[in-house]
Amino acid sequence: LQRTTARMGLFYGLPLVATVFLVGVVGGHAVEQQQYFNAANQLQPLYPPVHQVTLQRRPHSPDEAWARVSAIRDAQQQPPPPPSRQPPHQLPQGEFEGSLKNWKDTQFFAHVFIGSPPQQFMMIFDTGSADIWVYSTDCLQDGCMLHEQFNHANSTTYAPDDRSLMIRYGSGSIEGYISSDIVQFGPLRMQQQFIEVTTVNGRAITKAKADGIVGLAFPSLSVDGIVPFFDTAWGQGLLRAPVFSFFMSNDPRQPGNLMFGGADAQFYEPPFTFVPLSSESYWQIQMEDLIVDGNRLGLCPQPTGCKVAVDTGTSLITGPREGIMTLLGSFDLDASCTDIFNFPNITFLIGGNRFDLTPEEYTIMYETPRGLHCVLGFMPLDVPPPRGPIWVLGDVFVRAFYTMFDRGNNRVGFARSRQKFSPKDLARDYKRRVDSGARRPGAGFGEDSFPSIPRQK
């Protein structure tokens with residue numbers, strides 16, 4: 001029994017009799033019948049008796065046997081059906097949506113297919129940049145080969161472009177060339193220009209789990225006049241309305257959602273609060289101030305306020321160093337997470353509206369070899385003029401508020417996210433699991449789990 005169980009190594013948590021049963025039936029390993037019954041019956045009276053039933057084989061004629069073999073062979077030769085990527089409910093024409101995978105609450109990916117036949121990639125949909133790029137098989141660097149790479153030689157719809165380019169980010173750069181091919185997200189499928197990356201510099205880029213980025217910012221941020229993904233879809237008349245909306249889940253067990261052409265009512269609590277854009281580059285709005293425990297911090301100049309970019313490609317909330325240090329100075333965070341339930345809400349005063357984050361929403365818990373640790377979901381980031389100084393509302397904020405990006409009216413809309421799991425209950429459950437030696441599903445990560453997609457300067 002020990003030899004058989006060790007050979008499988010799959011069902012550690014089951015009782016011994018169940019383990020042997022699963023090994024014998026599921027694993028396909030031969031288990032001596034008499035050994036099985038003897039071992040099981042020795043466990044009496046802990047388990048019910050095991051009864052032996054004789055099985056009789058029904059004989060087949062040669063013609064029947066050959067017909068069964070032929071049917072199995074024919075079935076094996078048929079290609080498997082393509083995976084269904086249809087939304088779980090019927091959508092009006094011109095609305096398209098797909099799932100977002102939550103990777104440890106710090107990065108959110110969606111399946112994107114490029115080429116014919118389609119090659120699959122995990123991409124970040126990023127409202128802080130405007131270009132699409134993916135790692136190319138022409139890149140032989142380790143940083144590229146850690147990811148899925150696009151091989152245009154295997155695509156019958158690939159169209160080359162002679163232009164090469166380089167994009168500089170705050171913590172690195174990428175180099176490559178422009179290509180054109182079929183790009184598909186869910187049922188949204190169209191010919192699209194994108195960048196094949198052949199050289200990458202910067203640990204923050206290569207350490208990200210994504211195979212590439214789909215930029216959703218305005219065309220003014222794109223390189224060499226490449227039409228962004230959203231603009232291509234809207235320009236071809238594929239969308240019902242010039243909007244797209246994000247739902248980011250607060251737990252890896254619940255998929256997020258990205259919809260083009262509308263908003264999915266199952267993921268938010270109405271009503272929406274809309275804020276007009278102050279610039280058509282990033283999705284930029286104005287913020288009057290931050291409020292902690294009822295006190296305004298006076299971080300934004302009056303009457304203009306602070307520039308704020310709503311950015312789905314940044315994990316945390318960032319801001320000018322001076323402002324972030326003032327905000328963090330309001331807290332005495334115990335790294336062991338014992339005090340977070342007593343912290344006050346943080347209120348973002350935007351367009352005369354209050355947007356509250358609870359401590360469970362703006363605190364990130366992560367597991368280290370020394371136990372459970374907590375960090376506030378804020379980070380200093382000084383962006384020089386003319387883009388900055390600017391605050392960035394990243395995934396920490398978007399998880400709390402379902403966000404609609406409305407190009408038709410040049411505005412951003414926020415509504416409370418309809419999460420499957422309460423943030424407070426998640427935090428308490430996670431702390432209990434770690435304190436007891438268990439782990440939260442999808443958790444168990446350290447400081448390198450927080451690489452934000454570097455902003456283009």
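All residue numbers refer to positions in the sequence shown, counting from 1.
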Task: From Tyr158, Tyr177, Phe150, residue fulfilling ring-ring contact (aromatic ring centres under 6.0 Å, His included) relative to Phe194 - done: Phe150

Open item on the list: Would Arg354 and Phe348 count as a cation-pi pair here, with the cationic atom under 6.0 angstrom from the ring centre and within 45° of the axis?
Closed with: no

Open item on the list: Here's one to test your reading of the geometry: is the NZ or CZ of Arg407 within 45 degrees of the ring axis of Phe218 and under 6.0 Å from its centre?
Closed with: yes

Task: Any residue meeting side-chain contact (heavy atoms from CB on, under 4.5 Å) with Glu288, in chain and number order, not counting sequence neighbours - done: Arg296, Leu349

- [ ] Might you work through the side chain to side chain contact (heavy atoms under 4.5 Å, CB included) test for Phe108 and Val398, ending with a clear yes or no?
- [x] CA-CA 11 Å; Phe108 290 81; Val398 178; over 6 Å; no

Can [X] and [Y] be counted as having a side-chain donor-acceptor contact under 3.5 angstrom?
{"X": "Glu196", "Y": "Ser136", "value": "yes"}
{"X": "Ser180", "Y": "Gln191", "value": "yes"}
{"X": "Ser315", "Y": "Asp395", "value": "no"}

Do side-chain atoms of [X] reach the backbone of [Y] as a donor and acceptor pair under 3.5 angstrom?
{"X": "Asp356", "Y": "Thr347", "value": "no"}
{"X": "Thr127", "Y": "Thr312", "value": "yes"}
{"X": "His147", "Y": "Ala210", "value": "yes"}

Open item on the list: Assess the residue pair Phe121 and Val214 against the criterion (side chain to side chain contact (heavy atoms under 4.5 Å, CB included)); give the C-alpha distance rounded to whole Å, side-chain angles, the decisive distance to 0.1 Å, and a yes or no.
Closed with: CA-CA 11 Å; Phe121 303 93; Val214 178; over 6 Å; no

Open item on the list: Show, in sequence, the C-alpha distance, side-chain angles and deciding distance for Glu280 and Asn410, and conclude whether the side chain to side chain donor-acceptor pair (under 3.5 Å) test is met.
Closed with: CA-CA 8 Å; Glu280 297 180 12; Asn410 285 335; 2.8 Å; yes

